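Hydrogens, waters and symmetry mates are skipped; everything else that's a heavy atom, side chains included, is used. Convention: sequence-line order gives letters A, B, ...; per-chain numbering from 1. The shown structure was predicted, so the numbers you read here are calculated from the model rather than taken from an experiment.
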Amino acid sequence: MIRELHRQLLARECTATELVHRYFATIEEKEKDILAYLTLLKEEALLEAKEVDEKIARGEAIDLLAGIPGAVKDNILMKGIRATSGSKILDNYIAPYDATAVARLKQVHVPILGKTNMDEFALGSSTEKSAYQVTKNPHDLKRVPGGTSGGSAAAVASNMTVFALGSDTGGSIRQPASFCGVVGLKPTYGRVSRYGLMASASSLDQIGVLANTVEDVAIVLSRIAGHDSLDATSAESGYGKEYEDYLGDDVTGKVIGFPKEYFSDKLDPRIRELCERAEAVFVSLGMTVKEITLPHSAYALPAYYIIQPCEASSNLARYDGIRYGLSVNDEKNEPGQSLGTLLETYLDTRRVGLGDEVKRRIMLGTYSLSAGYYDAYYVKAQKVRSLIKSDFEKAFEEVDCIFSPTTPEPAFLIGTKTYDPLTMYLSDIYTVTANLAGVPAISFPIGTVEEEKKLLPFGGQLLGKWFDEETLLSIAHAYENKAKENEGENK
Amino acid sequence: MLSSDEVKHIALLGRIGLRESEIPKYQKDLSEVFDFFRTLETLPTDTLVPISHITGRADVMREDVSASYDGQAQVLENAPATKDNFFKVRSVF
C-alpha cells in the first residue's frame, strides 16, 4: 500500500495534502464508533504534508514513506503533544521531546494523524483498561480490538491510518494485530530505540509497527530501527538496513518449527485447523515443517507475570504527583486547601490517578520484590527466564523460525474478562515468550474464525532468531502472497 | 489468601492509597495471581543463573561530553508545583 501511495504522489495523481484529508474523512466517518484515537493532529499532519507537496513540486527526491499518514501509540512521545499513556494521572502531560522513533518518522516527513488509545500504561490485553475510552474491534463493535496497542490496530484495520507505531511488552502489538486482522511486528529487543517510550517493563518493552501488509511493516521498520545513543540497550548494528529489500527473497528450504507445547489437545479445533492450513501453505512454498520442543513453555506466563509487574512497579513510581500531571491537593488545583504531607500526596494522587489494573500490577510487583519474597518470586522468575532463552537457542539450532497461533482465541466480547485478571493474563500465553527471550515476532492474518455469525480475523505468529527480522518478514510476505493467490483460485 | 493487613501493607509500600471498600477485591485478585505463580515451585532452578535482560551488554559507555538541553521550561511546565526552576515538594514530615 505504501509503495502504491508513493507512486501516486510521484506521478502527481494525488498530493500528500489530499491523502491527509482522505484519511481524516475516514476518521470523521468511523472514529465515533471505533474510538481508536485519544488525540487527533489534523493541523500538524497537514503542515507536514504541505512540506512533502512542496518538495515534490520542486522536483526534490522524497523518501518512500514521505507523505504517508501514520499514527503513534499514546505512550510514545511527540514534542509539544499531549501524551497520556491512557492514564488520568497524565491527563495534562505535554511531551517535552520526541521519542527517537517519532523523530525518525518526522525526518522522512510522515504526517502523524494522531495518538492512539491503549490500556493504561500498556498494562492489559484488550484496551478496556484505558482510562479514557474502550476502543472497538472494527470487525465486530461488540468485541475488543485486543491490547495494549488496540487503538493502533483498530485505526489500521479501519483505514484510519496507513500504519501505526505500537509497543509490545508481552504481546501488545501482536495480539491486537491478530484480533483486528492486520500485520504486527515486535522487533528484537534493542532493534528500535526505546528513548521516549514511557517505560512499562524496561527489559521487555519494544516499539514496533502495525500495518495492513508485511511490506508496509518492513518499510516503516527500516526507518525507525537502528542504534541510538540515547538508549543504552539499543543494538549497535542494523542501522540503515532496508528490510523491504529482503521481501522477494527465496524462502525455499527454510525450516519452520512447530513447538508441540503450543499445539496441545486444549487448543480450539478451529484454530488448529487454521494452523494446519498455514502449515500447508509453508510446505507449498518449499519450506520444511518440523515438530520441535520448547520444554519450559508452561513456565513462561507465570515468570512473565512476575517480572513484568516487578519492573512496572519500579518504573511507575515516578508518577507520584510531584513531577508530572495530576497532583491531588496541590496548590494549583485546590488553592487554600491545607497541604498534606509528602506521603499523603503520593497516596492520594495515585489512588485517584491510577486505574485498578495499574494498582494491581504495582502491588504484585512490590510484593514480589519485597524482603522475604524477592528470591522466591523475582529471582526465581529470572532463572526461569534463562531457561526460556536457552529453549529458543536450542530450537534455533534446528529451525529458521517458529510458528504458533498468536492468541488462544479470536477477539473476545467487551466486558467478559475485565473482572478476572488471571483470565485476561492467560490471553498472552503465546506472546510473552518472545519478550522474555528478546526475539523478534510477527503476527499476520491466517484466516477467520466464526463467532456468533461474525467472521473474526485470526493471526499466526512467527518467532525468529535475534536480529533476524528479515527472515520473518520474507516468510510472512511469501505467505501473504500465496494466500492471496489461493484466495483468487477459490473465487 | 492474603489478609487485609497484608494488602494494606503492600499498597503502602507501593505508595497506593486504597479505600477500605476496595481491599477485599485486591485480596482475592492478588491471591489468585500468587497461586498461579506457584506453578514455578516444582521447577528446579538452584543451579541456574538469573538473567535480568537478554542483551548481554553491560556498562555501555559514551564520551564524557556535556550537551545543552533547552527543554527545561517544558519539563517544569508539566509539574503541579514549581519554584525558582525547581520542582516544589511538600515537607516530608
Got [X] and [Y] here, is their nearest side-chain heavy-atom distance under 4.5 Å?
X: K389(A); Y: I54(B); value: yes
X: I16(B); Y: V358(A); value: no
X: L43(B); Y: H296(A); value: yes
X: N78(B); Y: R323(A); value: no
X: H9(B); Y: M363(A); value: no
X: H53(B); Y: T233(A); value: no

Is it the backbone or the side chain of [X] that comes under 4.5 Å from a heavy atom of chain B, or both, or neither?
X: A376(A); answer: neither
X: D356(A); answer: both
X: S390(A); answer: neither
X: K359(A); answer: both
X: S386(A); answer: both

At a 4.5 Å cut-off on heavy atoms, which part of [X] comes close to chain A: side chain, backbone, both, or neither?
X: R57(B); answer: side chain
X: Y69(B); answer: side chain
X: V75(B); answer: both
X: S52(B); answer: both

Residues 304-317 of chain A vs chain B, non-hydrogen distance cutoff under 4.5 Å, contacting residues -> Y305(A), I306(A), E311(A)

With chain A, the option among L12(B), T45(B), V60(B) that has the most non-hydrogen atom pairs under 4.5 Å is T45(B)

Ignoring hydrogens, what is the shortest heavy-atom contact between [X] and [Y]? Give both atom names and the distance.
X: G14(B); Y: I362(A); answer: O-CG2, 3.8 Å
X: E6(B); Y: Y367(A); answer: OE2-OH, 4.3 Å
X: P80(B); Y: G325(A); answer: CG-O, 3.3 Å

Sorted by chain and number, sequence neighbours left out, side-chain contact (heavy atoms from CB on, under 4.5 Å) with D46(B) holds for none

With sequence neighbours left out, the residues meeting side-chain contact (heavy atoms from CB on, under 4.5 Å) with R19(B) are R351(A), S21(B), E22(B)

For R62(B) and L230(A), indicate whether the former's side chain and the latter's backbone hold a donor-acceptor pair under 3.5 Å. no

**Request:** Verify, without hydrogens or angle tests, whether R350(A) (side chain) and R15(B) (backbone) share a donor-acceptor contact under 3.5 angstrom.
**Result:** yes

Exercise for review: Could you check L13(B) against L369(A) for side-chain contact (heavy atoms from CB on, under 4.5 Å), going step by step and ending with a plain yes or no?
Suggested key: CA-CA 10 Å; L13(B) 285 178; L369(A) 289 172; over 6 Å; no

Checked G80(A), A303(A), G365(A), P302(A) vs chain B; the most non-hydrogen pairs under 4.5 Å come from P302(A)

Ranking L343(A), V352(A), L364(A), V384(A) by heavy-atom pairs under 4.5 Å to chain B gives rank one to L364(A)

Separation of [Y] [atom2] from [X] [atom1] (nearest 0.5 Å):
X: L48(B); Y: K383(A); atom1: CG; atom2: NZ; value: 6.5 Å
X: L436(A); Y: I51(B); atom1: CG; atom2: CD1; value: 8.5 Å
X: T345(A); Y: R90(B); atom1: OG1; atom2: CZ; value: 3.5 Å

* Asked: Is it true that atom NZ of K25(B) has more than 12 heavy atoms of other residues, nucleotides or ligands lying nearer than 6.0 Å?
  -> yes

Q) When you look at NZ of K88(A), are more than 12 heavy atoms from neighbouring residues, nucleotides or ligands closer to it than 6.0 Å? A) yes

Under a 4.5 Å heavy-atom criterion, the part of residues 29-42 of chain B in contact with chain A comprises D29(B), L30(B), E32(B), V33(B), F34(B), F36(B), F37(B), T39(B), L40(B), E41(B), T42(B)

